[in-house]
2 protein chains.
Amino acid sequence: IEEKNNSTLLLLLNELHYADIAEIINELNLEDATYLIKLLDSEKTSDILTELDNDVRERILGNLSPQEIADELLELDTDDAADIIAELSEERKKEVISHIEDKEHAKDIVELLRYDENSAGGLMAKELVKVNENWNVLTCVKEMRQQAEHVTRVHSIYVVDDDDKLKGRLSLKDLLTTSTKTHIRDVYIPKVDSVTVTERAEDVARVMSKYDLEAIPVVDESGRLVGRITIDDIVDVIREEAEKDYQLAAGITQDVEADDNIWKLTKARLPWLLIGMFGGLGAASIINGFQEALRQFPILLSFVPLIQATAGNVGVQSSAIVVQGLANDTIRGEVFGRLVKEFSLGLINGIAIAAIVLFISHFAFGTEYKVSATICLGLVTVIVNAAVIGTFIPIFLDKRGVDPAVATGPFITTSNDVLGILIYFLIAKLILGF
Amino acid sequence: IEEKNNSTLLLLLNELHYADIAEIINELNLEDATYLIKLLDSEKTSDILTELDNDVRERILGNLSPQEIADELLELDTDDAADIIAELSEERKKEVISHIEDKEHAKDIVELLRYDENSAGGLMAKELVKVNENWNVLTCVKEMRQQAEHVTRVHSIYVVDDDDKLKGRLSLKDLLTTSTKTHIRDVYIPKVDSVTVTERAEDVARVMSKYDLEAIPVVDESGRLVGRITIDDIVDVIREEAEKDYQLAAGITQDVEADDNIWKLTKARLPWLLIGMFGGLGAASIINGFQEALRQFPILLSFVPLIQATAGNVGVQSSAIVVQGLANDTIRGEVFGRLVKEFSLGLINGIAIAAIVLFISHFAFGTEYKVSATICLGLVTVIVNAAVIGTFIPIFLDKRGVDPAVATGPFITTSNDVLGILIYFLIAKLILGF
């Protein structure tokens with residue numbers, strides 16, 4: 001179909017949803033993709049642009065003139081437009097903004113670019129419907145009709161005073177059932193949840209999903225209404241937040257995707273492998289320190305991988321539950337009580353596993369009584385230790401204001417590996433007396 | 001405040017949002033909680049019930065009579081009511097349902113109970129606004145006004161034929177701007193996305209967030225409109241989906257929370273620890289098999305933890321990226337290309353780490369040339385192997401229709417641990433020739 005048969009192509013594409021066209025374009029080479037974008041009208045292409053993969057969009061934008069980009073942005077809500085423009089170089093940013101015809105729209109986009117992308121300011125759109133408390137219902141309806149033209153979906157009507165400060169919201173039903181002379185200040189609902197521009201995106205997500213809100217107004221430090229955030233923006237935040245914690249747990253520092261290039265993936269993965277490496281070298285020197293003594297009981301070394309793997313697994317399990325609990329605000333009560341619980345949990349799991357190992361090692365490896373006792377006691381101690389550390393560290397970091405998710409994954413695995421091996425050999429020393 | 005001072009308490013609580021009251025009640029003991037629930041009117045308490053922690057809700061419902069529960073359910077949308085009633089025992093379910101006054105509501109709830117909670121049917125509510133294509137605009141507006149009474153938020157108006165089959169949707173604007181005599185079939189928009197009742201919840205979430213939908217109609221196998229799903233239900237699905245993958249990666253089988261009891265947590269965690277245990281025992285027998293030969297080169301054993309930890313970490317990193325890519329549908333292209341990429345990535349990381357280890361082991365441990373070579377070659381091979389396996393297994397499982405997330409965490413760590421140690425010793429045998 002790629003033989004420049006414009007009319008057939010247009011007919012075909014106009015039937016499709018922009019998200020589907022975006023998927024097709026992601027698969028095309030740059031030339032064909034740019035060709036398609038230029039072929040379709042800007043109302044559709046602007047939506048397609050927001051749905052494209054980052055790297056594909058970057059390359060397509062590189063092929064468009066500032067004027068062409070400006071035309072696309074004109075069709076978008078301010079928040080989506082700001083997201084796209086933020087990806088350009090400083091110089092092109094200025095060029096594109098100067099080409100935007102609607103000066104009001106351009107001003108809004110420039111304002112949004114000021115905010116951090118992970119804050120309420122970075123999420124919000126300038127498009128909203130607001131009315132002054134001093135207007136009467138008639139003025140209000142007129143003004144609203146005009147404002148609503150720029151707003152894709154009117155979730156709420158916000159009420160402000162002369163200083164633009166957020167006072168409350170207006171129910172559409174009340175507006176329609178009161179006389180046209182009534183003043184807004186006599187009918188609005190003064191209770192309205194709002195967030196400030198500097199609030200972190202994940203906190204906004206928490207408030208909105210807790211109170212089941214479909215949109216929330218954003219105010220600046222002095223309470224002036226500056227924008228609103230809708231639930232579809234929040235869906236992305238929630239997904240990214242959960243994915244970030246998962247990636248950290250898996251030992252991936254940066255926000256990367258499977259399709260990123262090798263260099264970016266290496267940068268995200270190597271640092272955690274280095275932590276693991278130093279842990280491994282630490283373990284090597286511990287074992288080396290016990291080398292002489294271990295000549296007598298070589299079987300002890302065979303169980304090092306078991307001790308290490310178990311310690312790592314338990315640590316990850318404990319920390320994952322705590323990190324998720326902290327993220328969802330479901331962790332309540334005292335730290336002490338939680339540690340006691342993990343201690344008991346570790347004890348139960350530890351005894352269960354030690355019993356099985358005792359049984360198997362006796363029959364399969366024929367280990368003598370004292371060695372078996374060492375291995376089992378070592379297992380239980382190491383498991384309890386890993387459970388308690390895995391719980392304590394994330395809570396401790398959270399109290400210190402550090403994202404507890406960094407404590408999961410390779411970090412907790414490595415420290416538990418090394419500590420576990422040390423504990424194991426110390427117990428061996430105690431029981432076998434070398 | 002807990003001194004039965006009803007009027008002050010009521011004044012205080014009526015100011016609060018139901019989600020906040022739910023948080024307070026989660027903290028109270030059962031007696032006080034039940035007292036509060038009975039004190040407040042059912043319009044507020046029914047919303048509170050949906051927000052409570054599962055275990056708290058279960059205990060409070062245990063303290064209420066079937067009639068009281070039925071009254072609460074009457075205030076809720078069918079989907080929330082069905083979720084609550086699903087937690088009761090079979091016997092109480094029937095009792096409560098027989099006490100629901102509105103028979104239509106009761107019938108809808110019973111219907112929703114039939115569906116799997118992780119399917120579109122389990123997510124949907126029966127509350128929606130639908131009109132027949134054969135009505136004229138006037139009838140339509142009258143019927144809509146009546147239907148809208150039961151619907152909290154009207155997202156869309158759906159159009160059906162005489163068989164209740166979904167035909168399309170109606171724009172409110174079109175409805176208001178056409179003459180009252182016009183038939184609906186002449187003005188409706190025939191393009192509407194829908195899902196079938198049996199579709200999996202996560203697929204519904206994917207469709208809705210891809211097309212930025214705030215609500216989607218649900219049809220049965222023969223295309224009849226049976227319900228609708230709104231975006232706030234989807235937010236929970238997305239969160240749970242991401243959390244489930246994270247928990248599986250951390251080696252936690254069931255959906256547990258930090259506040260669950262020890263028995264439930266043990267059941268979720270012990271199975272994975274057992275996998276790790278068998279891996280550890282496997283490693284022990286491998287090392288045991290090389291025991292004799294290793295007498296000559298005891299230093300080799302010191303580096304087992306390093307090999308093992310690195311293999312585990314690399315495996316988790318590779319699989320996490322692939323699992324997330326599969327979940328987000330961003331993985332494209334051939335399996336072969338992806339494996340080549342992971343191979344190169346593993347090679348780069350492996351060589352970087354091996355170089356550092358070579359340097360450190362030479363100076364800190366004074367290992368001889370051949371042993372150093374063994375350790376480094378072992379590291380590189382093990383890393384590349386772990387990267388390729390970590391990529392291949394999730395893709396393989398996904399193609400077979402198994403959730404690839406089960407391949408992450410302890411499973412991938414353990415298999416890489418054991419395989420890594422085996423590879424390491426085989427290389428040692430080759431180089432050192434024992």
Side-chain angles (χ1 to χ4, degrees), chain A residues 17 19 209-212 231-232 235 238-239 242-243 245-247 249-252 257-259 262 265-266 269-270 272-273 276-277 279-281 283-284 287-288 291 298 301-306 308-310 313 316-317 320-322 324-325 330-331 344-345 348-349 352-353 360 410 417 421, chain B residues 17 19 209-212 231-232 235 238-239 242-243 245-247 249-252 257-259 262 265-266 269-270 272-273 276-277 279-281 283-284 287-288 291 298 301-306 308-310 313 316-317 320-322 324-325 330-331 344-345 348-349 352-353 360 410 417 421:
Chain A
H17 190 276
S209 64
K210 177 174 167 190
Y211 297 127
D212 276 336
I231 187 138
D232 49 311
V235 167
I238 290 174
R239 194 194 302 266
E243 285 185 355
D245 283 358
Y246 180 19
Q247 291 204 336
I252 302 166
E257 276 174 32
D259 278 325
I262 289 193
L265 285 169
T266 303
R269 288 163 60 161
L270 195 55
W272 290 109
L273 293 182
M277 185 203 72
L281 288 174
I287 297 181
N288 238 21
Q291 199 71 261
L301 272 177
S302 301
F303 285 94
V304 164
L306 172 64
Q308 183 186 350
T310 311
N313 286 343
V316 168
Q317 287 182 335
I321 288 204
V322 174
Q324 269 192 351
T330 56
I331 287 221
S344 336
L345 198 59
I348 295 176
N349 283 343
I353 286 185
I360 295 180
D417 278 4
I421 291 173
Chain B
H17 190 278
S209 64
K210 178 173 166 191
Y211 296 127
D212 277 335
I231 187 142
D232 48 312
V235 167
I238 291 174
R239 195 195 300 268
E243 285 185 356
D245 282 358
Y246 180 18
Q247 291 204 336
I252 302 166
E257 277 176 31
D259 278 324
I262 290 192
L265 286 169
T266 303
R269 288 163 61 162
L270 196 54
W272 288 109
L273 293 182
M277 186 202 71
L281 289 175
I287 297 181
N288 239 20
Q291 198 72 262
L301 272 177
S302 302
F303 286 92
V304 165
L306 172 64
Q308 182 186 352
T310 311
N313 285 343
V316 169
Q317 287 182 334
I321 288 202
V322 174
Q324 268 191 353
T330 56
I331 288 217
S344 337
L345 198 60
I348 296 176
N349 284 342
I353 285 184
I360 294 180
D417 279 5
I421 292 173

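Within every chain, numbering begins at 1; the chains are lettered A, B, ... in the order of the sequence lines, protein sequences first and strands thereafter.
In plain terms, the two heavy atoms of R269(B) and N349(A) that are nearest each other are CB-ND2, 4.2 Å. Residues K210(B) and A19(A) come closest through the heavy atom pair O-CB, 3.6 Å. Considering every non-hydrogen atom in both W272(B) and N313(A), the closest pair reads O-ND2, 4.4 Å. L306(B) and G276(A) get closest at one heavy-atom pair: CD1-O, 4.3 Å.
If you measure heavy-atom distances from D417(B) to chain A, the contacts under 4.5 Å come from the side chain alone. Heavy atoms closer than 4.5 Å to chain A are found in the side chain of S209(B), but not in its backbone. Heavy atoms closer than 4.5 Å to chain A are found in both the backbone and the side chain of I262(B). When heavy atoms are compared at a cutoff of 4.5 Å, I360(B) approaches chain A solely by way of its side chain, counted from C-beta outward.
In terms of non-hydrogen atom pairs under 4.5 Å with chain A, the most contact-rich of I348(B), L273(B), I421(B) is L273(B). Contact tally against chain A (heavy-atom pairs below 4.5 Å) for S302(B), S344(B), A309(B): the top residue is S302(B). Note on I353(A), V304(A), V316(A): by heavy-atom pairs under 4.5 Å with chain B, the leading option is I353(A). Top candidate by heavy-atom pairs under 4.5 Å with chain A, chosen from A352(B), G279(B), A284(B), G280(B), is A284(B).
For the pair L265(A) and I321(B), the minimum side-chain heavy-atom distance is below 4.5 Å.
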